[in-house]
Structure formats: structure tokens, C-alpha cells
Amino acid sequence: MREISNLRQDDMATLTGLSQSFLSMLESGDRKLTNIDKVVMLLDGLDVPVELTGPMLRNLAEVRCVQHAPPQLLPA
């Protein structure tokens, strides 16, 4: 995805909040993305639609805000 978008690892790090070195290790296969917090950071940073990931892999703070939002502020 990064190469298709012509992004550098530093660009991806800025978008996702993950370190460039961690992203490098992911790409080389030296590390696996198993930490749920890092999965969420990656998905949120890349603006992956919730329809593609399901609500369980999204930012919990964002979900909590929506759950406690007044009804008039929620999408129809």
C-alpha cells in the first residue's frame, strides 16, 4: 500500500504514529502486527473505512464518544 501510494516510510510513520523502524521491520517480515493498539493506529492513520475492518478494530475512544453523544449530534 505504501509503495502504491508513493509514500516513504517516514510518511507512513507520520500518518500512523508508528515508528519508521517498526514499519521497516513489518515490511521486511522481521516483525508482525499483533498488538491491537498498533493495528488500530495503522488503520486509523490510513483512514481505512470501518466497513472494511469492523467496529472492533477501531479507536475505542472514538466509539465511546459516539456512544455517549447526544442523539442530535449522531448521523441520521
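In what follows, every heavy atom counts, from backbone to side chain, and hydrogens, waters and symmetry copies are set aside. Every value quoted in this text rests on a predicted model; they were computed, and no experiment measured them.
Sorted by first and then second residue, the pairs that involve residues 26-40 and meet salt bridge (charged side-chain N to carboxylate O under 4.0 Å, His left out), not counting sequence neighbours, are Arg2-Glu27. Within the structure, the salt bridge (charged side-chain N to carboxylate O under 4.0 Å, His left out) test picks out no pair touching residues 16-26 (sequence neighbours left out).
Put simply, the side chain of Thr16 gets close to the backbone of Leu18: a donor and an acceptor are under 3.5 Å apart. Counting only distance, with no hydrogens or angles, the side chain of Ser28 and the backbone of Ser24 share a donor-acceptor pair below 3.5 Å.
Between Leu23 atom CG and Asp10 atom CG the span is 9.5 Å, to the nearest 0.5 Å. To the nearest 0.5 angstrom, Leu26 atom CG is 8.0 Å from Leu42 atom CG.
Contacts of Ser19 classified as side chain to side chain donor-acceptor pair (under 3.5 Å), with partners at least two apart in sequence or in another chain: Ser21.
Of all non-hydrogen atoms in Ala13 and Gln20, the two that sit nearest each other are CB-N, 3.8 Å.
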